[in-house]
Amino acid sequence: MAETKTTRRCKMDSIHAGRRQFVKGSLSALALSTLPGQVALAQTTIRNRLEWNDFKTTPDYAAFINAISAMRANTNSADRRSWAYWSNIHVNACPHGIAYFLAWHRGYLHYFQETVRAISGNSTLMVPYWDYYKSAVMPQEFTDSSSGNPLYVPGRVNTNVYSALSLTPFSTKYKNFQRGTVDSFEVAIEYQPHGKFHNVIGGYMAQKTSPMDPIFWLHHGQIDRLWAAWVLAANGRTMPPIGDPYWSGNYTYRSDLTMPRNRAYNTTTYLSYDYVDKTLPRALPPQASAGRLIRVQMPGRSGSGRPAVGNFPQLGPASAGGGRRSIGGAGNVGLDETSVSVQIPVEQPDSQALRSIIERQRGGQGGRGGPPAGPYTSVQIVVENARVLPQGQDGGYFYDVYLNLPQSGGAPDEEHLIGGFGPFEIASHEHHPGSSHLTFPVTQILANTTPDQLRDITLSFVRVSGNNSPRGRVIVLGAVRIELSNDPVQ
């Protein structure tokens, strides 16, 4: 009998340990003695991580398949040789939406690779990557449902990721590396293509348990390669130097599995690998024969301009605590297969405060210079109590969020894009079981608006779907607010 999403989740729940048990759990003496726990400091042989289509023609392919098969057959989630062990690390420790997203995953992939090597007996095996900017269709080895294929998992909604791809993070606009800076590459790539990829494939990939799907590891190999390519592209792109305090401290995957942050600064110094191809994508891949798999729905319009404004309860100004002030919003925003806008009127005193922040931003990079901005330094859009309904949990879709799109003329553009989300981001930012809190900095985008546009701010939630996606209401946002904050401008 085919495995349904309900039975799949029950099976997943039965092998995943809770946070306290997982963090305090220990490996057997044998596992500790044979599997790495720290990065060696004197590795000298640099090996290349290969793209999947090259990797599968090498002798390492069989060793990789055998190791994955053995890990998936191991049901002891406290054993580093088991598949669930690595998913549990991601569930309990992964830094989504905060600093070190890229470097944490680099170390995570390194330790997973070391375990695959130990299981396979192949000490030089490199986990490959999938370059979906060359082909957006998942390699057939992962879609073959033949019995015993360890690369296949049921429940994926899509195997073509064309609608998840974007060239935006690779433009020269993104010159700063880390989250918390203006025009951050880490922020840009975490949403697109990284998060969009998770959402479009769906199934396990749309949840924090995404490492249960073997394609996860090839996806993060690709994200890691794109980071290396961004550094090599230079042209003003900068990271904090390796001696900067930013790289102080450790990544903690488990209490017995850590890595100094500076070990993940690059791939070669301590981790001893590289990529033959370190070029940034310059074009999207060829479309599938069925045509481009992106479907943008805009009710009442012909696919261009701003989606129609929905009828949602208005939320008035209020203190948001922590040195923040909500200047208006909307409640109970339901999202389905169509796109919709939320219009938020801004009262005169708050509109004046917005103008003060924006004038300060225009007066100097990073918010320095210009006239006084009062008690606030930045503006952000806050989504509270975001919930994925049962019919939307398997993914296959996401929503790009735009600020003040023109009412007509042309498709939504990157100039107004503030970010987005799908079931993966909501699961990854869970503050309480079943709900999440998402924040989008918008000071820079508002700096390009006119005074009239500050009296009525419009947010547009543009639905983007893979070739297969659910219909009907899939996500409910408890509240969408505009907040003034004393956080740094990002």
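- For His96, the ring pair (Phe, Tyr, Trp, His ring centres under 6.0 Å) partners at least two apart in sequence or on another chain are His90, Phe101, His105, His194, Phe424.
- Separation of atoms CD1 (Ile426) and NZ (Lys208) is listed at 13.5 Å; rounding is to 0.5 Å.
- Taking CD1 from Ile418 and CG from Leu459, the interatomic distance works out to 5.5 Å, rounded to the nearest 0.5 Å.
- Rounded to the nearest 0.5 angstrom, Ile89 CD1 and Thr252 OG1 are separated by 11.0 Å.
- Listed here is the closest heavy atom pair of Tyr108 and Ser87: OH-N, 4.2 Å.
- Scanning both residues, Val157 and Gly203, for their nearest heavy atoms gives CG2-N, 4.2 Å.
- For the residue pair Asp79/Asn74, the side-chain donor-acceptor check at 3.5 Å is satisfied.
- Taking the side chain as every heavy atom from C-beta outward, Val464 and Tyr399 never approach each other to under 4.5 Å.
- Checked against ring pair (Phe, Tyr, Trp, His ring centres under 6.0 Å), Tyr275 has the following partners two or more places apart in sequence or in another chain: Tyr129, Tyr273.
- Tyr246 and Tyr100 have their aromatic ring centers within a separation under 6.0 angstrom.
- A donor-acceptor contact closer than 3.5 angstrom is absent between the side chains of Asp60 and Thr58.
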Validation: residues 136-143 side-chain donor-acceptor distances under 3.5 Å, sequence neighbours left out:
residue: Glu141; atom: OE1; partner: Trp52; partner atom: NE1; Å: 3.0
residue: Glu141; atom: OE2; partner: Lys56; partner atom: NZ; Å: 2.9
residue: Thr143; atom: OG1; partner: Gln140; partner atom: O; Å: 3.1

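- Under the rule for a salt bridge (charged side-chain N to carboxylate O under 4.0 Å, His left out), the partners of Asp213 that lie at least two apart in sequence or sit in another chain are Arg156.
- Thr238 has its side chain within reach of Asn176: a pair of non-hydrogen atoms, C-beta onward, lies under 4.5 Å apart.
- Between Phe440 and Tyr191, the distance separating the two ring centers is not shorter than 6.0 angstrom.
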For this session: Please assess Leu109 against Trp217 for the test side-chain contact (heavy atoms from CB on, under 4.5 Å), listing each intermediate value before the final yes or no.
Result: CA-CA 7 Å; Leu109 186 56; Trp217 302 101; 3.6 Å; yes

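- The shortest distance between side-chain heavy atoms of Trp130 and Phe197 falls below 4.5 Å.
- At a threshold of 4.5 Å between non-hydrogen side-chain atoms, the residues Met212 and Val153 do not count as touching.
- A cation-pi contact, defined as under 6.0 Å to the ring centre and within 45° of the axis, is absent between Arg237 and Phe185.
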For this session: Tell me, with the steps shown, if Val116 and Met71 meet side-chain contact (heavy atoms from CB on, under 4.5 Å).
Result: CA-CA 8 Å; Val116 171; Met71 294 177 77; 4.0 Å; yes

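- When the ring pair (Phe, Tyr, Trp, His ring centres under 6.0 Å) test is applied to Phe64, the partners found at least two apart in sequence or on another chain are Phe55.
- Gln192 and Thr168 get closest at one heavy-atom pair: NE2-CB, 3.5 Å.
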Problem set entry | Asn199/Glu425 under side-chain contact (heavy atoms from CB on, under 4.5 Å): CA gap, chis, key distance, verdict | CA-CA 8 Å; Asn199 287 313; Glu425 285 78 17; 2.8 Å; yes

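- For the 3.5 Å distance criterion, the side chains of Thr181 and Asp183 fail to qualify, holding no donor opposite an acceptor.
- Proximity of Phe461 to Val480: side-chain heavy atoms (C-beta onward) are separated by under 4.5 Å at one or more points.
- Residues that satisfy the side chain to side chain contact (heavy atoms under 4.5 Å, CB included) test with Asn158, not counting sequence neighbours, are Val200, Asn467, Asn468.
- No side-chain heavy atom of His416 sits less than 4.5 Å from a side-chain heavy atom of Ser460.
- Salt bridge Glu337/Arg471: present, at least one basic N to carboxylate O contact under 4.0 Å.
- Here the two rings, on Trp227 and Phe177, have centers that are under 6.0 Å apart.
- Using a 4.5 Å heavy-atom cutoff, the side chains of Val474 and Leu389 are not in contact.
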Problem set entry | side-chain contact (heavy atoms from CB on, under 4.5 Å) assessment of Gln113 paired with Arg49 | CA-CA 11 Å; Gln113 179 175 275; Arg49 183 170 284 161; 3.0 Å; yes

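- Between Lys134 and Asp277 a salt bridge is recorded (basic side-chain N to carboxylate O distance below 4.0 Å).
- Side-chain contact annotation: Arg47 with Thr45, donor-acceptor N/O pair under 3.5 Å absent.
- The line from CG of Asn88 to OG of Ser82 is 7.5 Å long, rounded to the nearest 0.5 Å.
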